[in-house]
Amino acid sequence: MTMNETIEEYIVPILADLCHSVGISDPKIALEIPRKKEHGDLSSNVALTASKQTGTPPQQLAEKLAAGFPTDSDRVESVSVAGPGFLNFTLPGRYFHQLLKDIVTAPEGFGSSDEGGGARWLFEFVSANPTGPLNIVSARAASVGDTLVRIFRKRGFQADSEFYVNDGGGQVRKLGASVRARIKQIETGAETAEIPEGGYHGEYLVDVAQALIDENGLSGSAGLEDEEHVGRSAALKIRKNQEETLQRFGVTFDRWFFESELYDEENSQVTGAYNSLVERSKTYEKDGAVHFKASEFGDSEDRVIKTSKGTFTYVVPDIAYHLNKLGRGYVKAVDLLGPDHHGHIVQLRAALAAIGLPREFFHPIIVQQVNLKRGGVEVKMSKRAGVGITLDELIDEVGVDAARFFFLMRRITSHLDFDMELARRHTEDNPVYYVQYAHARICSILRQPGAKESDEDVDLSILTEGEETDLLRALARFPWTLASIVRGIEPHPLTSYLTELARGFHLFYSRHRVIGDDRRTTAARLMLCRGVAGVLSGGLRLMGVGAPEVM
RNA sequence: GCCCCCGUAGCUCAGCAGGAUAGAGCAACUGAUUCCUAAUCAGUAGGUCACGUGUUCGAAUCACGUCGGGGGUACCA
């Protein structure tokens, strides 16, 4: 319940009534913040979109609407018609002053809203296989997913985060075989291990093997008989490491969901998922395998879901998993998936459609690849081979704040160039520190002896300098930014917004002194500073980035 | 072959629930520090929004096509 939403809630109904009165039956009214401030504080293009329906030229229509809009309230100072027929609203100064007071009073709550209405959304992300350390794409997904969850919660959704641990099937056996080879290597003191075909070559498995020997008393000879047991132990160990790494990165999950849970007992959800396709006659047998008629549901061809050997293919437990999500009461399953999952998505979507789930339930998002660079030179990576940069190494090299901020700077679907050299640089061209520095600067001001003013009788109307009113307007954009993030399920606007807010502050700072001889000006500017600091730190916190008081 | 993402300033990218004169950072050039943190600020310059057609009063934004770049496409998970 911020002032911004109340202003929207105030304007839109009035505009809707006015539209009805001039014969527009079903007006689509969207308010936006114009890019240029000459265009007012808010604008609407209803007159443009609706002019066809009424047969009135847009400008004339806009004039009519503007004339009918009350401007004697506390909320709207004037309405003007501009350009091809935009309605531009100018809000009174006291609207922004009240907003600032609200922010300073309760900085935590600013930007919150109940637009989500408590809708239960599940965000699944990272979900890396428990076969090795987290890589850079996982790092990106972790930043994005974690930030989305925080923002959606702030906007009134009941949002949960989940990590799906792929601990079933042949992969664990493969892992077991690889670890077994490493155990053998350690015991025989050999230079190299004989990693089986298709196994995992990463050096990290030496540590895992050593840990298993140490902790579980698992020796090579004991483990040799049971590849699966070794694999399971190794997977648990690796998963634990992943969790610790994510914690370092500031990311925790509400739930770690194990694929193996889906197979429990006689009541296997995987078999259930399979059966629900069979029962709906969406399958047929061919060449000894069971095929799902995926091509009827948008896939390019039908897919095998049960092999001729009688095992399910990977899509089946995934179907079961999503049915499980639905069964837990979620209305939306947002899956952040790696760039190697396109085919997967189409299959899964087809299967969920075949079973009759609402189309909007499943919302996969491909987190695009990260091109890692160091000083402009590409760093190649391959998790399977165990070379390249892990999330742990990334944290060590560039730090959590810079890493998380950089991952959030681009659209999720864009390939991301990540230059570790640049991210680590504590200077000029690094946007992370630009934003953090603005916060630290404000904190520095607030530490000054002259900053001990009470908020009681602050008169904000003396904030009339351009830099001051610009800052007030920038603060007002914060809730709108969050709303657009929710609309797009895409967090990157937050980094742009905070960079702009920081720029506004740096400019203000360079031109005006906060603490001066005039008591009233000092008090008003101090409050402005507190508001900016509150929004900066609040915004950074949503991204899991720190807001240092000293730099 | 099929599927997905991308193509906007020299570079990295915003903008895309159609809308007003297409924006920012970096790089380049010029300038600013008696004063609350110069990790800062100001100014200059930089564009056929890949191309074509269509829809529209209006297209960077929507649709179709072409070209170019990247990724994905198992009876593995």
Side-chain angles (χ1 to χ4, degrees), chain A residues 28 30 32 34-36 38-39 43 45 48-49 51-52 57-58 82-86 88 129 131 166-174 198 259 286-291 298-301 303-315 317-318 338-346 366 368-369 371 376 409-417 419 422 425-438 440-451 484 487-488 492-493 495-496 499-500 502-503 505-516 522 525-526 529 550-551:
Chain A
K28 281 202 309 191
E32 58 173 26
R35 269 181 227 155
K36 304 199 181 294
E38 307 89 81
H39 296 149
S43 81
N45 65 351
L48 291 155
T49 54
S51 78
K52 184 171 286 178
F86 288 98
N88 292 339
N129 291 334
T131 54
N166 224 307
D167 65 342
Q171 174 163 254
V172 166
R173 279 191 299 278
K174 238 190 295 181
E259 183 189 351
K286 189 182 153 198
D287 306 330
V290 178
H291 294 244
D299 205 346
S300 55
E301 54 190 295
R303 303 290 174 174
V304 171
I305 53 171
K306 193 178 192 179
T307 69
S308 48
K309 287 184 213 148
T311 58
F312 294 125
T313 58
Y314 68 89
V315 74
D318 277 345
D340 51 344
H341 283 74
H342 299 313
H344 172 135
I345 287 171
V346 181
I366 295 289
Q368 278 297 347
Q369 67 185 79
N371 298 317
M409 276 170 54
R410 303 287 177 245
R411 278 214 312 262
I412 306 173
T413 51
S414 289
H415 296 203
L416 171 72
D417 274 2
D419 195 319
L422 172 61
R425 218 176 294 160
H426 282 221
T427 51
E428 32 188 341
D429 45 4
N430 194 326
V432 190
Y433 301 111
Y434 185 85
V435 175
Q436 290 185 323
Y437 184 54
R441 262 184 154 176
I442 294 172
C443 292
S444 169
I445 294 170
L446 298 178
R447 280 193 298 270
Q448 299 294 315
S484 86
R487 193 168 55 232
H492 92 262
T495 56
S496 318
T499 306
E500 270 170 42
R503 179 176 307 118
F505 177 76
H506 286 309
L507 178 58
F508 161 75
Y509 179 92
S510 70
R511 292 191 174 163
H512 305 286
R513 276 193 68 80
V514 174
I515 299 169
T522 300
R525 287 183 175 165
L526 280 170
C529 286
V550 181
M551 283 175 77

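What you are looking at is a predicted structure, and each value in this text was computed from that prediction instead of being measured.
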A:Tyr314 to A:His344 - nearest heavy-atom pair and separation: CE1-ND1, 3.8 Å
Pairwise C1' distance, B:C26 and B:A59 [rounded to whole Å]: 30 Å
Between the protein and nucleotides 6-9 of chain B, list the N/O to N/O atom pairs that are separated by less than 3.5 angstrom.
from	atom 1	to	atom 2	distance (Å)
B:C6	OP1	A:Arg411	NH2	2.9

Sugar-phosphate, base or nothing in reach of A:Asp287, heavy atoms under 4.0 Å: base
Minimum-distance nucleotide (side-chain atoms of A:His492 versus B:A14, B:C36, B:C13): B:A14
Rounded distance in Å between the P positions of B:G72 and B:G58: 42 Å
Gap in Å between the two P atoms, one belonging to B:U48 and one to B:C5, rounded: 27 Å
Touch class at under 4.0 angstrom, heavy-atom based, for A:Thr307 against every strand present: base
Under 4.0 angstrom between A:Arg503 side-chain N/O and B:G25 OP1 or OP2: yes
Inter-nucleotide C1' distance (B:G7, B:C51), Å rounded: 11 Å
Any protein N or O atoms within reach of nucleotides 20-23 of chain B? Criterion: under 3.5 Å, listing atom names and distances.
from	atom 1	to	atom 2	distance (Å)
B:A20	N6	A:Ser43	OG	3.2
B:A20	N6	A:Asn88	OD1	3.2
B:A20	N1	A:Asn88	OD1	3.3
B:A20	N1	A:Asn88	ND2	3.0
B:A20	N3	A:His39	NE2	3.4
B:G23	OP1	A:Lys36	NZ	3.1

Separation of B:A42 P from A:Phe508 CZ (nearest whole Å): 14 Å
Sugar-phosphate, base or nothing in reach of A:Ile366, heavy atoms under 4.0 Å: nothing
Rounded P spacing from B:G70 to B:U12 in Å: 14 Å
Length of the line joining A:His506:NE2 and B:A24:C1', which is rounded to integer Å: 15 Å
Sugar-phosphate only, base, or nothing, as touched by A:Ala440 at under 4.0 Å among non-hydrogen atoms: base
B:U55 versus B:C64 - spacing of their P atoms, nearest Å: 15 Å
Toward the 5' end of RNA chain B, by each residue's nearest nucleotide, A:Thr499 or A:Arg303: A:Thr499
Same-atom distance (C1') from B:A24 to B:U8, integer angstrom: 13 Å
Pairwise C1' distance for B:A63 and B:U56, with rounding to whole Å: 12 Å
N/O (side chain, A:Arg173) to phosphate O (OP1/OP2, B:C76) under 4.0 Å: no
Nearest heavy-atom neighbours spanning A:Ile445 and A:Cys529: CD1-SG, 4.4 Å
Per A:Gln369 side chain, nearest of listed nucleotides B:C36, B:G70, B:C75: B:G70
Under the 3.5 Å Watson-Crick or G-U criterion, the dot-bracket string of RNA chain B, with | for inter-strand pairs: (((((((..((((.....[...)))).(((((.......))))).....(((((..]....))))))))))))....
Whole-Å gap separating C1' (B:G58) and CG (A:Asn45): 12 Å
Sugar-phosphate only, base, or nothing, as touched by A:Phe312 at under 4.0 Å among non-hydrogen atoms: sugar-phosphate
Check: B:C3 base within 3.5 Å donor-acceptor of A:Ser300 side chain: no
Value in whole Å for how far the C1' atom of B:G70 lies from CG of A:Asn371: 8 Å
Closest-nucleotide ordering on RNA chain B, the 5'-leading residue of A:Lys309 and A:Pro493: A:Pro493
